[in-house]
Structures are given as structure tokens and as C-alpha cells.
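Notes follow the structure.
Counting starts at 1 for both ligands and their atoms, in listed order. The figures here come from the full heavy-atom set of this structure, side chains too, leaving out hydrogens, waters and symmetry mates.
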Amino acid sequence: MSTGENLILGIESSCDETAAAVVAGGRRVLSSIVASQVGIHRKYGGVVPELASREHLRQIVPVVREAVAQAGITLRDVDAIAVTRGPGLIGALLVGVTYGKVLAMALGKPLVGVNHLEGHVHAVLLEAHAGGRRPAFPAVCLIVSGGHTLLCHAKFEGAESAARLSYTRIGATRDDAAGEAFDKVAKMLALGYPGGPVIDALAAHGDPRAIRFAEPKMKGNPYDFSFSGIKTAVLYHLRRNPQLQPEIEARRQALARGECGADALRALATPATLDLIASFQRAVVDDLTARTLAAAAPYAVATVLVSGGVAANSELRRKFEAEAQHHGIDLFFPSRVLSTDNAAMIAAAGHARFLSGEREDFSLDADPGLSLA
Ligand code: KG4
Ligand code: ZN
């Protein structure tokens, strides 16, 4: 198969999704396979690192095989292998990095290491290019996931054919990531794991103005975030309202029976709980939107990219879209499937680095604390 476009095999194993994808020319997704471990971690209410590594080991070979088969190619057709080298769980990352190295060595193919957070940015670029609506750079990027909440300024550097993005930090969370706050509040309310999608679905049935959570008051950088305060405020709200405990217990039992769908959980939630969920979501969404859009003017950018698992949130999308218009901002989100972890974004980010001449040798190591900016 030869279209003149470079074929990149992307591999992702930084957290609880084993993923592989083949992307042509950095923008055509030929295949994207995601084997989620949610079913395994759900009963613990969060990712158990040892179980994640073991599951990645079981899944990595069939997932890569399926990605290659669905793309209608063979491993020999691949021009390079791009693998997530960090940040993430060390044991989980090591599975992808080691398999990527082994494949590159066995096939004699170039190897590119990718920062998972840059992958999230490329999820936006990949689809924007494919859809013909290209974001103008420099841009402000909000990467908002289960492990990270990072606001950065991104600009292209280098000659056009080999240009790559470089990032400067504008702000970041000082405590919990936004997705982590969704997951922890969901755990307190017995809404299952991961919490974001269920809170998203249930919030639509509550009054987002019912409970007012105080905005985080922080000294210093106005573009930093903090979500641990709101999580604690939800905890105090539950302590002050013991009448909410019986339904929490009922949902806990439903979850133990495997009834974890949003409709089943909603049937076990009173209006008071739906109001709490909607108010929590609104507070997080308002804060993310306000700080991100406020950064555009001082950084003199007219483009904002939002990506990462929390970018799948309906209210976050609605609020950003409404506010971006007021600010004269050109706004970009990935589709929902490419918001959460996947390997197409890793292949797309790897493609840009491949074109800029980056190559790893076999000393490439997983870096759980790798930063982007
Ligand atoms: O990017 P991602 O798949 O993995 C990390 O890199 O962390 O993000 C996962 C996070 C979880 O915290 C999950 O609860 C959250 O994204 N999430 C959502 C939604 N879908 C996933 N949060 C809010 N609303 C959603 N619809
Ligand atoms: Zn992620």
C-alpha cells in the first residue's frame, strides 16, 4: 500500500486503556483500537496500577495486531512506530514502550517517543486537518484529563515541512486534575468509575444553580486551577445532609450488582442529588472556561484548543462555545471518541515529530513524570 503518506503505528498504554492505531499522513485514521480496562478497575473505584500493567501485557499484542489488520496493511508497511513515553503509570507505560522498541527493532523501523499530553493536542489537530478547518497558531491549549489540567501556549517552530509545536506553561492545577475531581465526587456519591461520563449525563437533570460553591481563591498565577476545594465542599455538603445517605447506599448496592449505567443510577438519585451533581459540574466547567478564555488576550492568541477526557463533557463544550463567541475566539475540540485516551492521537503527534527528524534509539525509557511545559 503506497499513497505517499507516511504510515505511523501509534501505541498508547499510559493509564487504563491499551490502544493502537494506524494514521496516514498525520491526519487520516486508518484504524484506532482502544481496549478499555474500565470493567476491571470499576469495582475498586479507580485505576489499580498493578492490575493495569497486567492487563496491558495481556492486551498489547492483540490490540496492535487488530489495528494493523483493520488498517488493511501489514507491519512491514509502517513507516515509523510512535509510542507514549510519559506521563502516566510507570508499569503501564513500560508495556507500550517495551513493545514499541521490540517492534521497531524486529522490523528495522524508526521509533518516535511521544508525550501523552502532546497526543491530546494532536487529537484536535488530526480532526481539524481532516475536516479542513485548520486552527491558526499560536494558540492557547487546555489539556484537561484524569491526570492533568494544564493550560499552555503553543506555537510552531521550524521550517514548514518539519515544523513542530513548542509549548510554554500558562497555568496548571495546584492539586487535583479536573477529571480526578469528577472521579472523586462520583465515588463519594456512588456513581461508579469513571465519574465524568455519569456526572455529565445526570447533571442534565439537575439545577446547576441550586448550590453555590465558592470559587477557589489563590494567590499568584491567575491561570492556575484548584479543584480539591470543591471536592471537599461536596463532602461537607453530604455531611450536612445525612438524608442523602440512603440513596447513596442504594446506588452502592446497584453498582455492586453491576448496574452502572447512567439511567439505572439516575433512577436511584433524588432531585437534591441531581442538583448537587449539576452544581458541582457547573462550578468546575465555569472555572475551566473562565481561566482559559481569560488567557487568550494577554497571550495575544485568537485560537483555543481544548482536549483530554474532560473535553468530552457536554456542558464544558456548550459553555466554551457560548463564551468563545463573546471573546472572538476560534475554538477547537476533538470529537468525543478522540477526547479520551486513544492511540490515533499518539500516531498523529508522532508523525509531526517523525517529519521533524526526531528518532529514538533503544535506550528510550518510560518517564512517568514527563512534562509538556
Ligand atoms: O484523557 P483521559 O481518557 O485519561 C487521562 O489521560 O487521564 O481522561 C479520563 C478522565 C476521567 O477522569 C474521566 O472521568 C473524564 O476524563 N471524563 C469526563 C467525561 N468523559 C471522561 N469528565 C467529564 N465529562 C465527561 N463526559
Ligand atoms: Zn489522557
Is the closest heavy atom of Gly147 to ligand 1 under 4.0 Å?
yes

Side-chain touch [X]/[Y], heavy atoms, less than 4.5 angstrom:
X	Y	answer
Leu372	Ile143	yes
Lys319	Arg282	no
Ile40	Val48	no
Glu249	Gln253	yes
Arg251	Thr273	yes

Tell me, which protein residue and heavy-atom name are nearest [atom], and how many Å apart are they?
atom	result
atom 18 (C) of ligand 1	Gly196 CA, 3.5 Å
atom 24 (N) of ligand 1	Asn313 ND2, 3.0 Å
atom 26 (N) of ligand 1	Asp200 OD2, 2.9 Å
atom 21 (C) of ligand 1	Gly309 O, 3.4 Å

Which of the numbered atoms in ligand 1 are under 4.0 angstrom from any heavy atom belonging to [X]?
X	value
His116	6 (O)
His120	1 (O), 6 (O)
Pro194	14 (O)

Compute the centroid of each ring, for Phe182 and then for Phe280, and state whether the two points are separated by less than 6.0 Å.
yes

May I ask you to decide if Tyr193's main-chain N or O and Arg42's side chain share a donor-acceptor pair within less than 3.5 Å?
yes

Option nearest atom 10 (C) of ligand 1 (shortest heavy-atom distance, choices Gly146, Gly179, Ala177, Ala311):
Gly146

Which one of Asp341, Asp16, Asp183 has a non-hydrogen atom at the shortest distance from atom 14 (O) of ligand 1?
Asp183

Taking the basic N atoms (NZ, or NE/NH1/NH2) and the acidic carboxylate oxygens, is any pair closer than 4.0 Å for Asp183 and Lys187?
no

Assess whether a salt bridge exists between Glu315 and Arg318, defined as any Lys/Arg side-chain N lying under 4.0 Å from an Asp/Glu carboxylate O.
yes

With a 4.0 Å heavy-atom cut-off (strictly under), which part of Thr340 contacts ligand 1: side chain, backbone, both or neither?
both

Just heavy atoms, cut-off under 4.0 Å: does His148 contact ligand 1 by side chain, backbone, both, or neither?
neither

Just wondering, is there an N, O or S atom on His116 that's nearer than 2.8 Å to the Zn ion (ligand 2)?
yes

Would His120 count as a contact for the Zn ion (ligand 2), in the sense that one of its N, O or S atoms lies under 2.8 Å from it?
yes

Name of whichever N/O/S atom of Asp341 is nearest to the Zn ion (ligand 2)
OD1

Leu331, Leu150: one ILVMFWY side-chain cluster at the under-4.5 Å cut-off?
no

